[in-house]
Student: 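A single structure is presented below for examination.
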Amino acid sequence: MRIRHLQLARQWRIVRALEASPEGLGYRELGRILGAAQRTVYRDLGTLRSAGFPVARASAHGKPVWKLAPGSSSTQGSSSSPGTGAVPSLTFTRAELTALSLARQMLMAMPGGPFDAAARGAFHKIQAACDREGLRVLELADKRLYADLRRARPYTDRDVWFRELLEAIHRSETVRLKYWTMERETETLREADPYGMVYHEGAFYLVAWCHWRRDVRTFLVDRIRAVTGTGRFFTAPEGFSVREHFRDAWGLIKTRALERVRIRFARSAARIVAEGRWHASQRLEREADGSAVLEVRVAGWTELRRWVLSFGGDAEVLEPADLRASVAAEAARLGRRYAKVRAS
């Protein structure tokens, strides 16, 4: 890791040197400035170009040189025009670098994800903008902080059309999806207006207006088998936000009507529940015996039911009646299943 950071610091010095030399610098001049071999300079320049830095070959006084592309500067800051390829002069606090290091781990934990290459390029530039102390902070953060996303789903075999789907979201283009429906165990072909995506519990979901269902639906990306554009464009509802769309849901499954849910947790489980933030509407009422009643208002309780069952006998649904009956039926089924195991 230390070697990597030294490489980034050297590459940033190349950008600074080119900025100070409008006529350009050759391999030999850059090698002298860096105290490095010409082949190292050659390799670093290639890395910078791959990462999107505005360095380009040119000719000055009959000899080949390297320059920053016209209109580019590493000190233009946030006033740079979008799309110029400018590298802003940035400074980071320790807390900011630590946060960026953790964010990097999270993005890199999505094998073959659609943001993999873009994230690598962005963090390459961030590291290149750091001084020696900043590189030390990043190195320490990489060792001391760990984002555990081992259950993140891989998207390597979906990389091409995943990117097409993201482009369709940006272009507001209606797409044709080949989608595997788990409930019916069949593949369907449908058109959808992609409004956005959500990353939830290790998986990506597409939020889109389904032309077949005539409603906003959530599609698990893992079950999308193909994506093709239609050449037709749509206008999303004014002010639509993916975050707000799921605000009243317990997870991602929602119905139109809000419903009050109350669950009593035994003392041992109540401590765990009190430590977490489970829903924006939650209210927790403490009981004298150490138990607690959690109240939420949610648009559908399908996912909440699984959460309640994870507490076993330490959780009791008080209302609504249909959720209580559903949990009771599942508990009875489990009892019968384990009774068979004992009998055998």
Side-chain angles (χ1 to χ4, degrees), residues 102-120 122 146-230 232 234 236 240-255 278-279 298-310 330:
L102 191 62
R104 175 183 178 277
Q105 287 191 38
M106 292 179 177
L107 287 171
M108 294 299 103
M110 305 174 190
F115 312 108
D116 186 74
R120 289 180 189 278
Y146 174 49
D148 185 2
L149 293 174
R150 286 174 291 184
R151 295 182 182 177
R153 306 190 185 194
Y155 290 93
T156 306
D157 58 344
R158 301 173 178 85
D159 180 67
V160 174
W161 63 254
F162 205 143
R163 295 177 189 279
E164 293 176 358
L165 196 54
L166 285 174
E167 285 299 316
I169 291 173
H170 291 307
R171 293 193 306 264
S172 296
E173 181 183 359
T174 300
V175 294
R176 188 170 292 109
L177 304 177
K178 188 177 291 185
Y179 189 70
W180 173 261
T181 304
M182 182 68 72
E183 294 77 11
R184 294 189 298 275
E185 295 188 354
T186 185
E187 199 172 79
T188 61
L189 190 65
R190 61 183 80 187
E191 290 189 351
D193 299 340
Y195 290 168
M197 277 193 184
V198 57
Y199 187 70
H200 178 69
E201 296 185 350
F204 279 102
Y205 294 80
L206 172 69
V207 182
W209 172 265
C210 178
H211 289 221
W212 181 28
R213 296 293 188 182
R214 307 301 301 169
D215 195 10
V216 178
R217 291 299 176 104
T218 305
F219 301 91
L220 178 62
V221 169
D222 299 61
R223 296 177 190 162
I224 297 177
R225 302 297 170 81
V227 177
T228 54
T230 62
R232 303 195 309 274
F234 66 90
F240 180 86
S241 162
V242 173
R243 183 189 300 275
E244 285 299 307
H245 179 69
F246 292 110
R247 183 172 59 86
D248 294 326
W250 180 261
L252 297 184
I253 301 175
K254 58 180 291 186
T255 58
W278 308 100
H279 195 266
V298 295
W301 47 254
T302 301
E303 292 162 293
L304 191 152
R305 172 179 175 270
R306 292 195 288 267
W307 181 70
V308 171
L309 286 166
S310 72
E330 183 64 18

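We count residues from 1, following the sequence as given. Because the structure is a prediction, the values reported are computed rather than measured.
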Student: Under the salt bridge (charged side-chain N to carboxylate O under 4.0 Å, His left out) test, which residues partner E164, sequence neighbours left out?
Tutor: none
Student: What residues form a side chain to side chain donor-acceptor pair (under 3.5 Å) with E187, not counting sequence neighbours?
Tutor: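 None.
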Student: For side-chain contact (heavy atoms from CB on, under 4.5 Å), just list the numbers for H245 and K254, CA-CA rounded to whole Å, side-chain angles, deciding distance to a tenth of an Å, and then say yes or no.
Tutor: CA-CA 9 Å; H245 179 69; K254 58 180 291 186; 3.9 Å; yes
Student: Can you check whether W250 and W278 have ring centres sitting under 6.0 Å from each other?
Tutor: no
Student: Can you sort out the partners of T302 under side chain to side chain donor-acceptor pair (under 3.5 Å), two or more places apart, ordered by chain and number?
Tutor: none
Student: Once side chain to side chain donor-acceptor pair (under 3.5 Å) is applied, do any residues pair with H211, and if so which ones, sequence neighbours excluded?
Tutor: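 Result, side chain to side chain donor-acceptor pair (under 3.5 Å) vs H211: D193.
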Student: Any sub-3.5 Å donor-acceptor pair from Q105's side-chain atoms to A147's backbone N or O?
Tutor: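 Yes; judged by distance alone, with no hydrogens or angles, the pair exists.
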Student: Less than 6.0 Å separating the ring centroids of Y199 and Y205?
Tutor: no
Student: Measure the shortest side-chain to side-chain distance between W212 and T188 over non-hydrogen atoms and say whether it is less than 4.5 angstrom.
Tutor: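 W212 vs T188: side chains touch.
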Student: Nearest 0.5 Å please: distance from the OG1 atom of T181 over to the CG atom of L220.
Tutor: 11.0 Å
Student: Excluding sequence neighbours, so at least two apart, what forms side chain to side chain donor-acceptor pair (under 3.5 Å) with R305?
Tutor: S326, E330
Student: Evaluate R217 against Y179 for side-chain contact (heavy atoms from CB on, under 4.5 Å), listing each step before the verdict.
Tutor: CA-CA 12 Å; R217 291 299 176 104; Y179 189 70; over 6 Å; no
Student: Looking at W209, Y195, F246, F234, which one forms a ring-ring contact (aromatic ring centres under 6.0 Å, His included) with F240?
Tutor: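 Among W209, Y195, F246, F234, the one meeting ring-ring contact (aromatic ring centres under 6.0 Å, His included) with F240 is Y195.
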Student: So, for A203 and R153, which heavy atoms are closest and what is the spacing to 0.1 Å?
Tutor: CB-NE, 3.5 Å
Student: List the steps and the verdict of side-chain contact (heavy atoms from CB on, under 4.5 Å) for F219 and R190.
Tutor: CA-CA 12 Å; F219 301 91; R190 61 183 80 187; 3.5 Å; yes
Student: Would you name the heavy atoms of A208 and A192 that are closest together and state the gap between them?
Tutor: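 Closest approach of A208 to A192: CB-CB, 3.9 Å.
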Student: Please tell me if the side chains of V216 and V207 come closer than 4.5 Å, counting only heavy atoms from C-beta onward.
Tutor: yes
Student: Are S241 and R243 linked by a side-chain donor-acceptor pair shorter than 3.5 Å?
Tutor: no
Student: If we only count heavy atoms from C-beta on, is the V198 to L206 side-chain gap below 4.5 Å?
Tutor: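 When only atoms from C-beta onward are counted, L206 and V198 do not touch, as no gap falls below 4.5 Å.
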Student: Using 0.5 Å steps for rounding, measure from the CG atom of L189 to the NZ atom of K178.
Tutor: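 Rounded to the nearest 0.5 Å, the CG-NZ separation comes to 7.0 Å.
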Student: Could you go through residues 221-230 and list every donor-acceptor pair under 3.5 Å that involves a side-chain atom there, pairing it with any protein atom two or more places apart or in another chain?
Tutor:
from	atom 1	to	atom 2	distance (Å)
D222	OD1	Y155	OH	3.1
T230	OG1	T174	O	2.7
T230	OG1	R232	N	3.2

Student: Judged by atom type as modelled, is there a donor-acceptor pair below 3.5 Å linking the side chain of E303 to the main-chain atoms of I253?
Tutor: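 Yes, E303 side chain to I253 backbone: donor-acceptor pair under 3.5 Å.
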